[in-house]
Amino acid sequence: MMGPERGTPAPRWGESESETFQRLGAVFTPWRDAIAEVVCDLVPAETDEAFVAVDVGTGTGWLARALLEAFPRARVVALDGSPAMLRHARRLLAPFGQRAEVRRFELEESSWLEGLIGPVRCFASCLVLHHLADEQKRTLLRALRDRLEPGGALLVADILRPSSQRGWRHAARAWERDVRERSLQLTGDVAAFETFRRDGWNWFEHPDDPMDRPATLLDQLHWLIEAGFTGVDVFWVRAGHAVWGGFRT
């Protein structure tokens, strides 16, 4: 199975994709609770500590909400490029008042990093960085490391590019199975699962979408080390998705 070229410009995520993911993202990413638990557990901060975290590509705001709930004195800057996602995130995070700041950004540009004021304890991101070409990923990792305060962390949850045909097959089957189970759990039927299949959301079955350019896990870990992160590790893996990251000493 051949994937897309990873160095070519990718089309932008459109509002139609945002609206679908807004409605069905909890089914299409059936491990949100597990991902949020892992990320919050790895944030280098005490529960009652005041610090700033940045959710890079917040989507509907579910990971930002988990961080705000886990750390009652933290402030989270939630960034996204989709107006539909930003509207949803603002509604979801409104109860947290000034502790939650929702901003629009363009992932491919550097101006959003320059606009961050003060030290950042943690950058977190879920299902976003795979939209960048490999060299863009490497450049961003170096920039994020430089913006972290000493002791801070970068925690990434994202889709992975398999290194073998068996890996491709397993990831495709496992993701489909988990989405079907989650569809039944959350909605009582498989309608959301059928949308997942019909519209080709399983990247391992439909890897030619130029919008998605995942890298292998080994590449991602190597780039973190190359960028100067320490304690680089993978913390959770499921169905071709993983949580990995590192720390700034």
Side-chain angles (χ1 to χ4, degrees), residues 29 31-59 62-79 107 110 112-114 116-163 167 171 213-249:
T29 313
W31 327 278
R32 281 186 178 182
D33 292 344
I35 290 171
E37 181 179 355
V38 171
V39 169
C40 290
D41 191 49
L42 289 165
V43 172
E46 299 298 325
T47 302
D48 61 351
E49 193 172 350
F51 64 92
V52 174
V54 179
D55 185 4
V56 182
T58 193
W62 62 271
L63 183 56
R65 180 178 64 180
L67 289 165
L68 289 161
E69 290 174 343
F71 300 95
R73 297 184 61 207
R75 186 169 69 87
V76 175
V77 180
L79 306 170
L107 178 64
S110 61
W112 65 270
L113 271 169
E114 299 164 2
L116 296 175
I117 299 174
V120 175
R121 180 70 57 85
C122 179
F123 286 103
S125 183
C126 184
L127 293 176
V128 175
L129 300 191
H130 70 272
H131 293 305
L132 296 174
D134 287 355
E135 191 55 40
Q136 290 175 309
K137 295 185 185 78
R138 296 172 71 181
T139 298
L140 179 61
L141 293 178
R142 291 191 292 267
L144 294 178
R145 190 265 178 192
D146 290 344
R147 284 294 285 113
L148 282 171
E149 62 179 277
L154 168 63
L155 302 169
V156 179
D158 212 341
I159 192 169
L160 300 170
R161 186 181 186 90
S163 299
R213 295 174 287 183
T216 68
L217 179 58
L218 288 177
D219 280 344
Q220 312 261 19
L221 299 180
H222 174 74
W223 295 337
L224 284 173
I225 296 170
E226 176 186 76
F229 286 92
T230 60
V232 171
D233 211 339
V234 56
F235 306 104
W236 175 92
V237 180
R238 177 75 183 180
H241 296 67
V243 177
W244 66 92
F247 304 86
R248 177 175 182 176
T249 55

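One finds the CZ atom of Phe51 at 9.5 Å from the CD atom of Glu149 (value rounded to the nearest 0.5 Å). Taking CG of Leu154 as the start and CG of Leu42 as the end, the distance is 11.5 Å to the nearest 0.5 Å. The structure places CG of Leu107 at 8.5 Å from NE2 of His131, a figure rounded to the nearest 0.5 Å. Atom CG of Leu140 and atom OG of Ser110 lie 10.0 Å apart (nearest 0.5 Å). Distance CZ/Phe71 to CG/Asp48: 10.0 Å, rounded to 0.5 Å. Between the CG atom in Leu129 and the CD1 atom in Ile159 there is a gap of 12.5 Å [rounded to 0.5 Å].
Closest non-hydrogen pair, Cys40 versus Ala70, comes out as SG-CB, 3.9 Å. Summarising the geometry of Ala36 relative to Ala66, their closest heavy-atom pair is CB-CB, 3.8 Å, with the distance given to 0.1 Å. Closest heavy-atom contact between Ala53 and Leu67: CB-CD1, 4.4 Å. The nearest pair of heavy atoms linking Ala143 to Leu113 is CB-CD1, 3.6 Å. What you find for Pro119 and Val52 is that their closest heavy atoms are O-CB, 3.6 Å. Here the closest non-hydrogen pair linking Cys122 and Leu155 is SG-CD1, 3.9 Å.
No side-chain donor-acceptor contact under 3.5 Å links Arg121 to the backbone of Gly152. Checking side-chain atoms of Ser125 against main-chain N and O of Val56 turns up a donor-acceptor pair under 3.5 Å. The backbone N or O of Arg32 lies less than 3.5 Å from no partner atom in the side chain of Thr29, so there is not a single donor-acceptor pair.
Atom CD of Glu37 sits in a sparse spot, with 12 or fewer heavy atoms from other residues, nucleotides or ligands closer than 6.0 Å.
Leu224 pairs in a side chain to side chain contact (heavy atoms under 4.5 Å, CB included) with only one of the listed residues (Leu144, Leu141, Thr230), which is Leu141.
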Can you give each donor-acceptor pair under 3.5 Å made by side-chain atoms of residues 242-249, sequence neighbours left out, with the distance rounded to 0.1 Å?
from: Arg248; atom 1: NH1; to: Arg145; atom 2: O; distance (Å): 3.2
from: Arg248; atom 1: NH1; to: Asp146; atom 2: O; distance (Å): 3.1
from: Arg248; atom 1: NH1; to: Leu148; atom 2: O; distance (Å): 2.9

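Two residues are said to be in side-chain contact when any heavy atoms from C-beta on lie closer than 4.5 Å; Asp134 and Lys137 meet this criterion. Side chains of Val156 and Gln220 form no contact here, defined as non-hydrogen atoms less than 4.5 Å apart. Contact annotation: the side chain of Arg161 never approaches that of His130 to less than 4.5 Å [non-hydrogen atoms, C-beta and beyond]. Using a 4.5 Å heavy-atom threshold, the side chains of Trp62 and Ile35 count as touching.
The aromatic rings of His241 and Trp31 lie tilted to each other, with the angle between the two planes from 30° to 60°.
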